[in-house]
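Both backbone and side-chain heavy atoms feed into the values below; hydrogens, waters and symmetry mates do not.
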Amino acid sequence: MKSTSKEERIKADSKRRDLFVFVRQTMCVAAMYPFGYYVKGSGVLADLVRVCDLAYELLNYFVSVHIAGLYICTIYINYGQGDLDFFVNCLIQTIIYLWTIAMKLYFRRFRPALLNEILSNINDKYEPRSAVGFSFVTMGGSYRISRLWIKTYVYCCYIGTIFWLALPIAYRDGSLPLACWYPFDYTQPIVYELVFLLQAMGQIQVAASFASSSGLHMVFCVLISGQYDVLFCSLKNVLASSYVLMGANMTELNQLQAEQSAADAELGQYTYSMEEETPLRELLEVGSSMDFSSAFGLSFVRCIQHHRYIVAALKKIERFYSPIWFVKIGEVTFLMCLVAFVSTKSTSANSLMRMVSLGQYLLLVLYELFIICYFADIVFQNSQRCGEALWRSPWQRHLKEVRSDYIFFMLNSRRQFQLTAGKITNLNVDRFRGTITTAFSFLTLLQKMDSRE
């Protein structure tokens with residue numbers, strides 16, 4: 001039974017699938033991706049979905065823009081009145097809603113063609129399984145990891161924003177989740193419920209927008225790392241693939257496997273994938289009758305094409321996200337500073353619940369910055385390891401035949417790929433630490449300014 005379930009799992013992991021189901025649904029909730037994607041063709045139903053989609057998008061713009069506008073008015077009205085705590089809190093919400101609006105426009109209106117190109121390119125051309133060889137890996141591991149991370153992040157974002165919605169209900173004081181100025185008395189019956197509903201929609205949109213923008217980047221990085229795992233296994237087995245195409249017998253395969261095993265003792269060769277052994281009897285069934293030069297050329301060209309596909313996908317991801325992260329680093333730095341400042345200033349009777357809410361905001365901001373920098377760093381590390389994977393093959397057996405191809409690939413694969421923020425700073429763990437240090441330096445400055453008043 002165990003072997004049967006294992007075979008079924010491997011077979012399922014080797015099939016091509018839509019890698020972006022959950023994150024695409026999250027983007028649809030945030031009005032950053034059209035619901036019309038799920039209704040193909042034309043007709044009354046398709047037209048109705050498009051009309052509803054447009055209405056939903058406009059409603060989301062109205063909710064986010066009017067809340068951002070009210071906070072800007074609140075800042076203008078209360079500027080210079082000495083309540084720095086309230087002023088900074090309004091500034092935090094203004095930044096959050098302006099960023100939400102910017103992400104909706106960027107994904108849905110400014111660069112939807114590039115976004116669709118990236119999604120379709122990865123979905124249509126990714127390799128679900130490594131080439132035929134003594135071992136293989138599939139995309140199943142990275143796919144499951146990507147779903148786990150994106151679901152965890154999305155749910156954390158929703159919980160954090162819903163907590164703010166629960167505060168007025170817990171206090172029962174007729175307040176609103178977002179304390180901003182209104183040009184009318186919102187405490188009137190029906191008016192209060194309507195305003196509360198609009199703010200609730202706004203908070204949910206904030207959660208969905210933040211989760212979609214950063215979460216999609218995280219999914220891209222995990223899946224590309226999974227493609228690197230597939231490429232590494234194919235490179236390691238490139239000679240085994242060649243022997244299979246040559247129609248090698250059991251004795252030749254055993255000898256080659258023994259030589260490859262001697263150079264393949266390192267642990268942790270893959271980021272997310274689990275390596276599985278291929279029975280030699282299965283390799284004998286695949287064999288043909290090519291000569292070594294042709295068989296190796298075919299196997300090696302497939303690896304080169306796969307590597308080019310990965311690099312091309314990364315370049316498109318960089319082109320899409322680099323401008324966003326350039327602004328994001330500054331926004332996160334500012335938000336961390338402001339949220340930490342407001343947390344230290346909360347001294348009212350209800351400060352405990354307020355500090356918990358602000359603490360959630362701070363953790364979510366740190367979590368978002370972490371996933372941006374950490375997974376970009378994972379991609380960078382994987383981009384440097386193609387040569388290592390190639391050396392794990394028993395290259396010495398056919399040194400004369402493969403030397404020029406190996407050298408060519410090694411020279412080209414040495415150019416590692418680094419995701420950046422605006423082509424100015426690299427996204428890695430050092431950038432994460434540096435941003436935190438900068439934010440708390442500004443926090444110290446803000447506290448000194450506050451103590452002088």
Side chains of D53 and Y37: any donor to acceptor distance under 3.5 Å? no
Can you find a heavy atom in the side chain of S64 that is under 4.5 Å from one in the side chain of K104? yes
Do we see a donor-acceptor contact under 3.5 Å between the side chains of T138 and Y143? no
Any salt bridge linking K423 with E318? Criterion: basic side-chain nitrogen under 4.0 Å from a carboxylate oxygen. yes
Answer yes if the side chains of Y61 and E57 hold a donor-acceptor pair under 3.5 Å, and no otherwise. yes
Minimum heavy-atom distance W181-C73, with the two atoms named: CE3-CB, 3.7 Å
Heavy-atom side-chain proximity of Q93 to T74 below 4.5 angstrom: no
Check whether any side-chain N or O of H66 sits under 3.5 Å from a backbone N or O of F62 as a donor-acceptor pair, and report yes or no. yes
Is there a side-chain contact between L91 and F334 (heavy atoms, below 4.5 Å)? yes
Assess, by modelled atom type and distance only, whether the side chains of R433 and T437 contain a donor and an acceptor separated by less than 3.5 Å. no
Is it the case that the side chains of S214 and E368 hold a donor-acceptor pair, with the cut-off being a distance below 3.5 Å and no angle test? yes
Any donor-acceptor pair under 3.5 Å from Q227 side chain to E127 backbone: yes
Side chains of E277 and S135: is there a donor and an acceptor less than 3.5 Å apart? no
Any donor-acceptor pair under 3.5 Å linking the side chain of S383 with the backbone of F417? yes
Over 60° means perpendicular and under 30° means parallel, so tell me whether F370 and W149 are parallel, tilted or perpendicular. tilted
With a 6.0 Å cut-off (strictly less than), is the heavy-atom count around CE of M410, excluding the residue itself, greater than 12? yes
Please determine whether a side-chain nitrogen of the Lys or Arg among D18 and R24 lies less than 4.0 Å from a carboxylate oxygen of the Asp or Glu. yes
Answer yes or no: is there a side-chain heavy-atom contact under 4.5 Å between I317 and I224? yes
Any sub-3.5 Å donor-acceptor pair from R108's side-chain atoms to A31's backbone N or O? yes
Suppose we call two aromatic rings close when their centres sit under 6.0 Å apart. Are Y270 and F232 close by that rule? no
Going by the ring-ring contact (aromatic ring centres under 6.0 Å, His included) test, name the single residue among Y155, Y374, F210, Y153 that passes it with Y367. Y153
Any side-chain heavy-atom pair of Q25 and Y38 under 4.5 Å: yes
Taking NZ, NE, NH1 and NH2 as the nitrogens, is one of them in E276 or R129 under 4.0 Å from a carboxylate oxygen of the other? no
Taking atom types as modelled, is there a side-chain donor on R385 or N382 under 3.5 Å from an acceptor on the other? yes
Of all heavy-atom pairs linking M27 and L119, the shortest is CE-CD1, 4.4 Å
Surrounding CD1 of I190 (heavy atoms of other residues, nucleotides or ligands, distance under 6.0 Å), is the total greater than 12? no
Among side-chain atoms of S142 and D229, is any donor-acceptor pair under 3.5 angstrom? no
Shortest non-hydrogen contact between L390 and S393, atoms and distance: O-OG, 2.7 Å
Can you tell me if S241 uses its side chain to pair, donor with acceptor, with the backbone of V132 under 3.5 Å? yes
Is the distance between the ring centroids of F35 and Y56 less than 6.0 Å? yes
Pair E331 + K328: basic N to acidic O under 4.0 Å: yes
Atom pairs and distances, donor-acceptor, side-chain atoms in residues 197-204, under 3.5 Å, two or more places apart:
unit_1: Q199; atom_1: OE1; unit_2: L178; atom_2: N; d: 2.8
unit_1: Q199; atom_1: NE2; unit_2: L178; atom_2: O; d: 3.2
unit_1: Q199; atom_1: NE2; unit_2: Y182; atom_2: OH; d: 3.1
unit_1: Q203; atom_1: OE1; unit_2: Y97; atom_2: OH; d: 2.8

Tell me, which pairs form a ring-ring contact (aromatic ring centres under 6.0 Å, His included) where one or both residues lie in residues 102-135, sequence neighbours left out? Y106-F320, F107-F320
F432 versus D377: any side-chain heavy-atom pair under 4.5 Å? no
Under the 3.5 angstrom rule, does the side chain of S120 hit a backbone N or O of E117 as a donor-acceptor pair? yes
Is any NZ, NE, NH1 or NH2 atom of the basic residue among K236 and E275 found under 4.0 Å from an Asp or Glu carboxylate oxygen of the other? yes
Does atom NZ of K125 have more than 12 heavy-atom neighbours from other groups under 6.0 Å away? no
Heavy-atom donor-acceptor pair, T425 side chain to A421 backbone, under 3.5 Å: no
